[in-house]
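Note that the structure is predicted; figures quoted are calculated from it, not measured.
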Amino acid sequence: MNSPGNLLKRATNEKELGKALAQLLELDPALKHMVAPNGKLPNRFNEPGFKGLAHIVIAQQVSKISADAVYGRFIQMLEQPTAEDFLAAGQPVWVAMGLTRAKQACLSGLAAAIVDGRFPINALADLPAEETFEHLTALKGIGPWTAEVYLLLVLGHADIFPAGDIALQEGVKRALQLEKRPEAKEARVYAERWTPLRGIAARLFWDYYGRVKQGENASAI
């Protein structure tokens, strides 16, 4: 593998994402077969703060269709998607949104921690990834997957690989032509070859798997 210089540590917009993808493909040219015909990665960035983190919590352990439906009601039923407005809405509204009890507890606890200053959500962008991960996983209901996806898709850290994500595991399986879907520990081992751009590789595998599911032409490595 090649070793391109000046590797991006974060990619927070379309331009940076394009540059990081080019660096990843220089690092491992074998991944070029996975790139979409337009040569780009989807610009899947979530808004920082409570709104962005709530979006990821809502997506925990459900299909994209279900998550999109609940998040749509979340946005529609709050005057502003802030921690304060979420708490003010109360449980009847949370139920109407379609939030499970576990997600109600998680989001209400998160919102309360933001409102009373116990959780410095706006300061996370200035912290190292490891410290941000610790802050996030200290909150009830937020595990490694949620923390890693926030680091990757909200804060733009380029070397985060959410190995516990099923779609990501499926993408690795199909692209690398493995006999079975790798579990999280094994997926992390595979991902080591793409350090320090594992997050960009994760985005590429997600996109690749999505196109495979849609029946588009997506060649295996």
Ion pair present between D68 and K64, side-chain N to carboxylate O less than 4.0 angstrom? yes
Does this structure show an ion pair linking E192 with R188, if we count only N-O contacts that are shorter than 4.0 Å? no
Do [X] and [Y] sit in one hydrophobic cluster, given that two such residues count as connected whenever their side-chain heavy atoms are within less than 4.5 Å of each other, even indirectly?
X	Y	result
L178	W194	yes
V70	L78	yes
V154	L8	no
V189	I166	no

Looking at K103 and I58, would you say the former's side chain and the latter's main chain have a donor-acceptor pair under 3.5 Å? yes
Do E183 and Q169 meet the criterion of a side-chain donor-acceptor pair at a distance under 3.5 Å? no
Shortest non-hydrogen separation from [X] to [Y] and the atoms involved:
X	Y	answer
L152	A202	CD2-CB, 4.2 Å
Y190	V172	CD1-CG1, 4.4 Å
D207	P42	OD1-CG, 3.4 Å

Under the ring pair (Phe, Tyr, Trp, His ring centres under 6.0 Å) rule, what do Y150 and W145 come out as? Steps first, then yes or no, please. CA-CA 9 Å; Y150 190 83; W145 179 87; over 10 Å; no
Would you please indicate yes or no on a ring centroid separation below 6.0 angstrom for Y208 and F205? no
Check whether any side-chain heavy atom of K40 sits under 4.5 Å from a side-chain heavy atom of L21, and report yes or no. no
Side chain to side chain donor-acceptor pair (under 3.5 Å), that's the test. Do T12 and E16 meet it? Break it down for me. CA-CA 6 Å; T12 57; E16 290 175 347; 2.9 Å; yes
Would you call the rings of F86 and W94 parallel, tilted or perpendicular if under 30° counts as parallel and over 60° as perpendicular? parallel
Please verify the inter-ring angle class for F119 with H135; under 30° counts as parallel, over 60° as perpendicular, anything in between as tilted. perpendicular
For R203 and L153, what are the C-alpha separation, side-chain angles and deciding distance, and is it a side chain to side chain contact (heavy atoms under 4.5 Å, CB included)? CA-CA 9 Å; R203 288 175 176 270; L153 298 185; 3.6 Å; yes
Taking everything shown except E84 itself, do over 12 heavy atoms lie less than 6.0 Å from its CD? yes
